[in-house]
Amino acid sequence: MIDNFDNVDATALAAILYQPEDDADGLLANFVQDLARHDVRVGGIVQRHVRNENGTHVMLAVDVATGREISISQLLGSGAASCKLDTNGLAEAAVVVSQALRDKFDLLVISKFAKQEAVGRGLRAEFVDAITRGVPLLTAVPRKCLADWRAFTGDVGMLYLAIVKP
């Protein structure tokens, strides 16, 4: 948890607020590619959604520095109602983010602050680490998690509205 917001650099923290119909993942991925073309060193992860040959939906965390893809979804049966987030894959993604923090990129991207982070899981520790170190950080926040994001950050930083469609 971030204990002292007085030490947080508000200019180093930005989030894109999005609705379910917005393609925030694509927006972040395209932005990262644009920055790379301008010699900005970006580390971290973006999320990508794909359908396998059998039609199942797979969530991937993509290491923006290397392009390596990490599956962060577990394959559940068609009638499954539980969360399909794969904690092992998420742990691998956390390692990528932690390495990016050590490598001191110009910008750290963490695909999103969502339900898992709001309840203290997911990549929350990596968010705390980046914010408290003053590392320039960009993420996306679903509208339904806005209150959690504001509580988490003390409402410090920049918030942008996504107006992108899939």
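Looking at Val109, Val62, Leu123 one by one, the single match for side-chain contact (heavy atoms from CB on, under 4.5 Å) with Ile45 turns out to be Leu123. Partner of Leu138 under the side-chain contact (heavy atoms from CB on, under 4.5 Å) criterion, chosen from Val42, Ile16, Leu108, Leu13: Ile16.
Side-chain contact between Arg143 and Leu161 is present, with at least one heavy-atom pair separated by less than 4.5 Å. In this structure the side chain of Val156 never reaches within 4.5 angstrom of the side chain of Ile131, judged on heavy atoms. At least one side-chain heavy atom of Val128 sits less than 4.5 Å from a side-chain heavy atom of Phe152.
Under a hydrophobic clustering in which Ile, Leu, Val, Met, Phe, Trp and Tyr are joined whenever their side-chain heavy atoms come within less than 4.5 Å, directly or via other members, Val97 and Val135 fall into the same cluster. Ile110 and Met59 fall within a single hydrophobic cluster, where Ile, Leu, Val, Met, Phe, Trp and Tyr side chains are chained together by heavy-atom contacts under 4.5 Å. Transitive grouping of hydrophobic side chains (ILVMFWY, heavy atoms separated by less than 4.5 Å) brings Val64 and Val40 into a common cluster.
Among residue pairs with one or both ends in residues 97-122, those qualifying as salt bridge (charged side-chain N to carboxylate O under 4.0 Å, His left out) are Asp25-Lys112; sequence neighbours excluded. For residues 9-18, no residue pair satisfies the salt bridge (charged side-chain N to carboxylate O under 4.0 Å, His left out) rule, not counting sequence neighbours. The list of salt bridge (charged side-chain N to carboxylate O under 4.0 Å, His left out) pairs with a residue in residues 144-153, not counting sequence neighbours, reads Arg150-Asp155.
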* Determine, stepwise, if the pair Leu137 / Phe127 fulfils side-chain contact (heavy atoms from CB on, under 4.5 Å). => CA-CA 8 Å; Leu137 172 65; Phe127 275 101; 3.7 Å; yes

* To do: Go through the steps to decide whether Ser71 and Leu60 satisfy the test side-chain contact (heavy atoms from CB on, under 4.5 Å), and finish with yes or no.
  => CA-CA 5 Å; Ser71 176; Leu60 301 170; 4.2 Å; yes

* Pair Leu27-Tyr18, side-chain contact (heavy atoms from CB on, under 4.5 Å): steps then yes or no -> CA-CA 10 Å; Leu27 176 68; Tyr18 69 95; over 6 Å; no

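For Asp129, the side-chain hydrogen bond (donor to acceptor under 3.5 Å, both in side chains) criterion is met by Arg133, not counting sequence neighbours. Legend: residues meeting side-chain hydrogen bond (donor to acceptor under 3.5 Å, both in side chains) with Asp63, ordered by chain and number and at least two apart, are Thr66. Taking Arg41 as the reference, nothing meets the salt bridge (charged side-chain N to carboxylate O under 4.0 Å, His left out) condition, with sequence neighbours excluded.
Across Ala93 and Ala61, no two heavy atoms sit closer than the pair CB-CB, 3.9 Å. Listed here is the closest heavy atom pair of Ile70 and Arg68: CD1-NH2, 3.1 Å. When all heavy atoms of Pro142 and Phe113 are compared, the closest pair comes out as CD-O, 3.2 Å. Between Arg124 and Ala118, the shortest heavy-atom distance links the atoms NH1-O, 3.4 Å. When every heavy atom of Gly44 is checked against every heavy atom of Ala100, the shortest pair comes out as N-CB, 3.6 Å. When all heavy atoms of Leu28 and Ala140 are compared, the pair lying nearest together is CD1-CB, 4.0 Å.
Rounded to the nearest 0.5 Å, atoms CD1 (Ile72) and NE2 (His49) are 7.5 Å apart.
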